[in-house]
Amino acid sequence: MPPIPPVRFVPTGSEFLPPSVQWTPPRRRNGPWLTAGVIVVVVALLAGVVAIGGFSRSDGPGHWDARLGDLPSRVESLRGLRFDHPVPVRFLDDRAFRRETAVDDKGKPNARKQAARITESLRAGGLLSGHVDLVKAISTEQQSSVLAFYSPSTKEIVVRGTGPLDPAHRVTLAHELTHVLQDQHFDLPALEAKVAHAPQGSSDALRAVIEGDAVRIEKKYAKTLSAADRASYRKENNQGVDQADRETADVPAILTLQFSAPYRYGPPVLTVLAADGGNRNVDRAFTHGVF
């Protein structure tokens with residue numbers, strides 16, 4: 001079912017949040033990092049208040065969408081795992097993609113009340129000031145600049161854009177396909193539920209492992225691009241960062257922190273794990289290392 005470079009990031013990834021929230025498209029931004037206790041407050045908000053879109057579960061296709069080309073096989077090779085089966089890939093125009101990733105709290109008065117309570121708690125802690133619609137801010141954060149995400153609930157990838165895949169989309173999809181492999185081999189929603197009920201479990205640690213692994217494979221894939229495609233990727237990423245900054249200028253920094261933390265803290269851990277045992281050691285982190 002959230003950022004590695006110390007910059008605001010656009011075209012990759014989907015943050016693993018509690019199942020009620022689905023997989024939330026992430027952003028990346030420089031900034032101070034606050035205490036784990038603060039993050040827990042925001043995680044509680046995300047877990048208890050909002051949910052993305054209205055997906056309907058799709059039956060698995062017999063083959064990968066042809067637009068992905070050899071991406072699935074290359075991700076299999078880089079990650080050292082095989083797909084059990086293809087998953088659906090939906091390509092949406094920008095307006096439809098934004099609707100898909102919008103926060104939906106309509107008809108949920110308790111969600112609004114909880115958001116108001118947490119807003120005041122954050123304000124009392126000096127983390128918010130002025131009038132803040134936290135639910136709207138979360139929605140803006142999610143919609144700002146993501147190119148694709150994988151939902152472990154509906155078992156599908158959703159892509160922003162209907163045209164041919166440019167380098168930014170291909171790098172993003174390498175990240176999302178890694179999430180598919182994680183889900184098919186380790187059952188991501190079950191891992192989240194297990195961590196939530198484990199006495200020493202940490203959902204933050206689990207998210208860091210999930211996203212750190214996907215970023216690890218994303219970076220490996222990016223290194224295989226041609227020089228021209230790498231240049232195009234950097235240009236697209238920089239343009240996306242600028243656009244996201246404009247769209248989310250009013251989003252509180254605490255939300256950016258929450259969405260970005262797994263991508264900042266996960267990759268260094270995964271680098272150490274992979275250096276001492278490669279993909280098999282990373283697999284062990286999924287099966288034994290986050291409870």
Side-chain angles (χ1 to χ4, degrees), residues 1-2 11-26 51-94 96-101 142 146-193 206-207 209-222 262-263 279 282-283 286-287:
M1 348 348 97
T12 304
S14 43
E15 180 170 71
F16 186 65
L17 295 177
S20 62
V21 189
Q22 302 279 352
W23 284 68
T24 304
I52 293 178
F55 300 118
S56 59
R57 191 182 183 94
S58 303
D59 293 330
H63 54 80
W64 290 103
D65 189 293
R67 285 168 284 191
L68 269 61
D70 65 350
L71 259 175
S73 62
R74 296 180 70 177
V75 170
E76 282 183 326
S77 177
L78 292 170
R79 184 56 183 82
L81 295 172
R82 299 293 300 273
F83 290 104
D84 291 340
H85 55 80
V87 301
V89 182
R90 287 195 291 134
F91 293 81
L92 303 176
D93 62 30
D94 184 73
F97 189 89
R98 287 175 180 269
R99 286 198 303 267
E100 193 87 358
T101 55
Q142 292 177 169
V146 176
L147 290 187
F149 66 91
Y150 170 68
S151 166
S153 174
T154 61
K155 313 300 182 187
E156 67 177 351
I157 294 172
V158 183
V159 182
R160 185 198 299 260
T162 57
L165 296 180
D166 55 26
H169 277 88
R170 295 203 302 273
V171 172
T172 300
L173 286 168
H175 183 114
E176 302 314 320
L177 286 166
T178 303
H179 286 320
V180 176
L181 283 172
Q182 293 167 347
D183 194 24
Q184 292 184 355
H185 285 266
F186 308 112
D187 192 342
L188 295 179
L191 280 178
E192 179 69 21
L206 174 60
R207 294 185 193 106
V209 170
I210 290 169
E211 295 302 342
D213 184 33
V215 170
R216 179 176 69 98
I217 301 306
E218 157 202 326
K219 287 186 173 182
K220 284 179 175 289
Y221 174 75
Y263 298 85
N279 284 321
V282 174
D283 293 344
F286 278 90
T287 55

Q: Checking Asp93 now: which residues fulfil salt bridge (charged side-chain N to carboxylate O under 4.0 Å, His left out) with it, not counting sequence neighbours?
A: none

Q: Which pair of heavy atoms, one from Ala214 and one from His179, lies closest together, and at what distance?
A: CB-CE1, 3.6 Å

Q: Got a second to check how far Ser151's OG is from Glu176's CD, nearest 0.5 Å?
A: 11.0 Å

Q: Is there a donor-acceptor pair under 3.5 Å between the side chain of Gln182 and the backbone N or O of Leu188?
A: no

Q: Under 4.5 Å between any side-chain heavy atoms of Leu92 and Arg99, yes or no?
A: no

Q: Considering all heavy atoms of both residues, which atom of Leu206 and which atom of Glu192 are nearest to each other, and what is their separation?
A: CD2-OE1, 3.3 Å

Q: Under the side-chain contact (heavy atoms from CB on, under 4.5 Å) rule, collect the residues that match up with Asp65, sequence neighbours excluded.
A: Arg67, Leu68, Val89, Phe91

Q: Carefully, step by step, assess Glu156 and Val87 under the rule side-chain contact (heavy atoms from CB on, under 4.5 Å).
A: CA-CA 6 Å; Glu156 67 177 351; Val87 301; 5.6 Å; no

Q: Taking the side chain as C-beta and beyond, is there a heavy-atom pair between Glu218 and Val171 under 4.5 Å?
A: yes

Q: Go through the structure and list residues passing ring pair (Phe, Tyr, Trp, His ring centres under 6.0 Å) with Phe83, not counting sequence neighbours.
A: Trp64

Q: Taking the side chain as every heavy atom from C-beta outward, state whether Leu177 and Ile217 have any pair of such atoms under 4.5 Å apart.
A: no

Q: Should His185 and Asp283 count as side-chain neighbours, where that means a heavy-atom distance under 4.5 Å?
A: no

Q: CZ of Arg82 to CG of Leu181: how many Å apart, nearest 0.5 Å?
A: 10.0 Å

Q: I'd like to check Gln184 versus Lys155 (side-chain heavy atoms, cut-off strictly below 4.5 Å). Are they in contact?
A: no

Q: If I take atom CG from residue Leu165 and atom CG from residue Leu173, how far apart are they, to the nearest 0.5 angstrom?
A: 6.0 Å

Q: Give me the atom names and distance for the closest heavy-atom approach of Asp183 to Pro189.
A: OD1-CD, 3.4 Å

Q: List in chain and number order the residues that pass side-chain contact (heavy atoms from CB on, under 4.5 Å) with Ser73, two or more places apart in sequence or in another chain; answer none if no residue qualifies.
A: Asp70, Glu76

Q: To the closest 0.5 Å, what do you measure between NZ (Lys220) and CZ (Arg74)?
A: 13.0 Å

Q: If you compare all heavy atoms of Ala174 against all heavy atoms of Val75, which two are closest, and at what distance to 0.1 Å?
A: CA-CG2, 3.8 Å

Q: Taking C-beta and beyond as the side chain, do Thr178 and Arg216 meet within less than 4.5 Å on heavy atoms?
A: no

Q: How would you list, by chain and number, every residue that makes a side-chain hydrogen bond (donor to acceptor under 3.5 Å, both in side chains) with Arg170, sequence neighbours excluded?
A: Tyr221, Asp229

Q: Can you tell me how far the CG atom of Leu78 sits from the CG atom of Leu81, to the nearest 0.5 Å?
A: 11.5 Å

Q: Could you work out, with side-chain hydrogen bond (donor to acceptor under 3.5 Å, both in side chains) as the rule, every residue matching Asp94, not counting sequence neighbours?
A: Arg98, Arg160

